[in-house]
Every structure is written in structure tokens, then in C-alpha cells.
Number of protein chains: 2
Amino acid sequence: MPAISKREQIITEALRLFYQNGFNATGIDRIITEAGVSKKTLYNHFRSKDELVLATLRKRDELFRNNLMRETERLASTPREQLLAVFDVIAAWFQEKGFSGCMFINAAAEFSDTQDPCRIVSAEHKRLVCDYIRGLAEQAGAKDPDNLSKQLNLLIEGAIVCTYVGADSDAAGRAKEMANVFLHSALD
Amino acid sequence: MPAISKREQIITEALRLFYQNGFNATGIDRIITEAGVSKKTLYNHFRSKDELVLATLRKRDELFRNNLMRETERLASTPREQLLAVFDVIAAWFQEKGFSGCMFINAAAEFSDTQDPCRIVSAEHKRLVCDYIRGLAEQAGAKDPDNLSKQLNLLIEGAIVCTYVGADSDAAGRAKEMANVFLHSALD
DNA sequence: TTAAAGGTAAACCGATCGGTTTCTTTTGTC
DNA sequence: GACAAAAGAAACCGATCGGTTTACCTTTAA
């Protein structure tokens, strides 16, 4: 067993390519070339491209949420401050080179069947991010944590789209200001 | 010259298929079959698939904004009410059968190059919608119409994503309530 | 020592991709 | 009725798609 398993190599490279260039636009041949792996090996680890796509989405969810939680808790110490810090974390994300929007929004755009496993994983990801925020809202003592978390989540999605599609360079900052308004009404 | 030109037939069908199934996933053969048109005719009217995609996006922008303005002005009479009515219009859009999110968000997901003409048209569309809202905000006498329009626009984008990706069934209603908060601070 | 497991490279598969070409038929106009 | 433009049907192009197969090469553990 090598330090980095072949499976991990493939997922890592597929993650990069799918995120950067889209799912349908990225062929298997491209993935195996850049991962430095043979086609047979890929199909030893994944039954089909669909299964690989699903595995990369799950990996992305894991990496994204871990980073979100780590950075949020690094930037602020109290739950209330953390609810705002979330917007600083996504602002930093928007600045990353290679930023290509939200991979799950992108996946939803390419897989039109709502029952497609990719769509289910994408909806699940959005729910999990919202769950994290609701946890912070509860800790902060919000009157209606569920409502507050859904409001902040909507602002996050809006900021992503305004930045990526609308090329609005300060959408994260605007969303943070807007979030502050709802924080006050939910916590004062 | 027939009542409906071949060009219009092609664009109409391409619009449906691209919106419903995605751009890369929709082949030329499928479009000509469903449009009832020969391949030669399609390539008489459009130099390439890329050009057809671009034409359908422009058509979509026209149809979408015309509908948005018409419905908004049908539902409410004063600019202030119209700013809120926008959210009722998108709520109705979300309910339409065949709703597949925002075609321009979807396009941005598939065309990763920011300089791609499709991306430029998509950004332009978002700007034009925002412009319309800013016009309403000006008429309503908002203190900072530009800021208000960007806030409301961000809420619209958030509602679209929460509905389509997150499967949140009341995102439009939530966005409307949130919009009302900013309307009050900008107009009172 | 050996044999299984897992790897590589490359040929191969049928299907589909975007796009072109050829030839025939229809269509609208003088 | 003659004629040119537009459209249709279908063969064809090279490239790529997702996926399989074959043959050979390492590693590793019994």
C-alpha cells in the first residue's frame, strides 16, 4: 500500500479537473493522463464515470466543510462572531486562484435529473452547511436558529452567484453586511 | 418567408433542450431532430454550436426579462410594491414545471473560461436584471438605489440556488421577507 | 519459489460528437 | 414555366466519448 493510494490520486485529480472544467467536458482519458494512472486502474477503483463523479463530490463536501469550520473557528471565537466570520471565509475562497464557483451548484447545472445521485449529494451538501450555521446560531442564542441559518445560507448562495456569474467583486462584503442585520434582529 | 422562420424554430427548440438538459449534454443531432430541421439548415443559420448557444442565451435573456418586467408591473402598481412583487414573480417561476434553475448560472457552470462569450452574456444578463431593479429603486425614492438593487439582486440569486440546488421549497418567500427589511431601511 | 494481485501501456469496441459534402426536392419569385 | 435560393435526407469525416480486453511487468506474501 503506497503512501498515497491510487484511488486518492485519481479522486484528487478528478476533483481538480471536474471543478475547473466541468463534468461533461472532462473526459476519462484526461483524468488518467493527469493522474498518471492507467485506464484499467481507474476502472478497478470505480465502476463508471458516474461513480467517480459521485466520489469526487463527496470528497469535495468533506474538504469544503472541514475548511469552512476550521477557518471560521480560527477567525472568531464566539458563536456570534463566527456567524459573521463565515462571510470572511467565503470572501477568501472567492479570491483563490482557480475559483470556479460552487462545485455543487455546477453539478446541479449539469445533472438535470433531480433524482440523480449527484443532485442528491449536492442537496445534502447544502443542508450540511446550513446545519453547521444553525449550530452556531443555537450556540449564539438566536431566537429562531433554524430561520436565521436559512437566511444566512441564502445570503451565502447569493454571494457565490453574484461573484461567479455576475462578476460582482464585493458580493461577499455586501452579504456580510446584510447578514449583520439579521443577526441583530435574531440576537438582540 | 414562413410565419415562423427556421432560425426561430431552431432557437426555440435549442432553448428548451439546453435549459432542460444542459449545453454539453445536448448534441446537435438531438436539436435538429426535435426542431424538425436538417443539419444543413442549422449550419446555414449558425456557424457553429457555440454560436447557437450564444443565440439561445440572448433569446433567453430577452424572454426572461420581458416576462419579469411584465409580471412585476402586473402584480403591483407602485415602484415600492413592485420591488417586492419581483419575489412573487420568481416564486411563480420556481413553480413552473420544467424549472431547471437559472440558465445563466447553468451556463457559467459549463463554460469555465471567464472570457467565453457565453460567460460575458451571462454576466450581462445579471447586470440587466439588476439595472431593472435599480430603476424601480430610483422611482421608489431609495436613499441608495444602487446599493438596494444589489442587495435585492443578491437575495434573488440566493433564492434561485436554495430552491434549485438546496431543494428549499420556500426560499422565494424567505427572500421576500428579507428584501422587505432592506426596503424599509432604504425607504423610510 | 511461486503465484496471486495490482499495476502499465496500448489496442480495441461501438457510439456519439461537431461539422462537411453531395445530391435531390421543395419553394417562392420574376 | 423558368430559375435560383433554401431546405431536406443521408452519407461521410476525423476526433473523442465511456468502457473493455489483452499482454506484459512488478510487488508482495505464503
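Proteins come first, then strands; the chains are lettered A, B, ... in the order of their sequence lines, and each starts at number 1.
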Exercise. Sequence neighbours excluded, which residues qualify as ring-ring contact (aromatic ring centres under 6.0 Å, His included) partners of A:F64?
Worked result: A:W93, A:H125
Exercise. Could you give the OH-to-P distance, from B:Y43 to C:dT22, as a whole number of Å?
Worked result: 18 Å
Exercise. Between B:I120 and B:L54, is there a shared hydrophobic cluster once you connect ILVMFWY residues whose side-chain heavy atoms come closer than 4.5 Å?
Worked result: no
Problem set entry | Comparing A:A25 and A:R47 on DNA chain D - which has the more 5′ nearest nucleotide | A:A25
For this session: Starting at atom CD1 of B:I31, determine the distance to atom P of C:dT16, rounded to an integer number of angstrom.
Result: 16 Å
For this session: Enter the distance from B:I133:CD1 to B:L68:CG here, rounded to the nearest 0.5 Å.
Result: 7.0 Å
Exercise. Thinking salt bridges, do B:D188 and B:R80 make one under a 4.0 Å N-O criterion?
Worked result: yes
Exercise. Please give, in whole Å, the distance from C:dT16 C1' to A:N24 CG?
Worked result: 13 Å
Exercise. Expressed in angstrom and rounded to an integer, what is the separation of A:D29 atom CG from C:dC12 atom C1'?
Worked result: 13 Å
Problem set entry | Where protein sits on nucleotides 3-8 of chain C, one letter per nucleotide: B base, S sugar-phosphate only, - none, heavy atoms under 4.0 Å | ----SB
For this session: Just call it for A:T33: base, sugar-phosphate, or nothing, with non-hydrogen atoms closer than 4.0 Å on any strand.
Result: nothing
Seminar exercise, completed: In whole angstroms, the gap separating P of C:dC17 from CD1 of B:I32 amounts to 10 Å
For this session: Keeping the roles fixed (side chain from B:N24, backbone from A:F23), state whether a donor-acceptor pair exists under 3.5 Å.
Result: no
Sequence neighbours left out, cut at 3.5 Å: what donor-acceptor pairs do the side chains of residues 156-176 of chain A make with other protein atoms?
from: A:E157; atom 1: OE1; to: A:K126; atom 2: NZ; distance (Å): 3.0
from: A:E157; atom 1: OE2; to: A:K126; atom 2: NZ; distance (Å): 3.3
from: A:T163; atom 1: OG1; to: A:A159; atom 2: O; distance (Å): 2.8
from: A:Y164; atom 1: OH; to: B:A108; atom 2: O; distance (Å): 3.4
from: A:Y164; atom 1: OH; to: B:R119; atom 2: NH1; distance (Å): 3.1
from: A:D168; atom 1: OD1; to: A:D170; atom 2: N; distance (Å): 3.0
from: A:D168; atom 1: OD2; to: A:R174; atom 2: NH1; distance (Å): 2.8
from: A:K176; atom 1: NZ; to: A:D88; atom 2: OD1; distance (Å): 3.0
from: A:K176; atom 1: NZ; to: A:D88; atom 2: OD2; distance (Å): 3.0

For this session: Grab the CG-P distance between B:L42 and D:dA7 for me, whole Å please.
Result: 11 Å
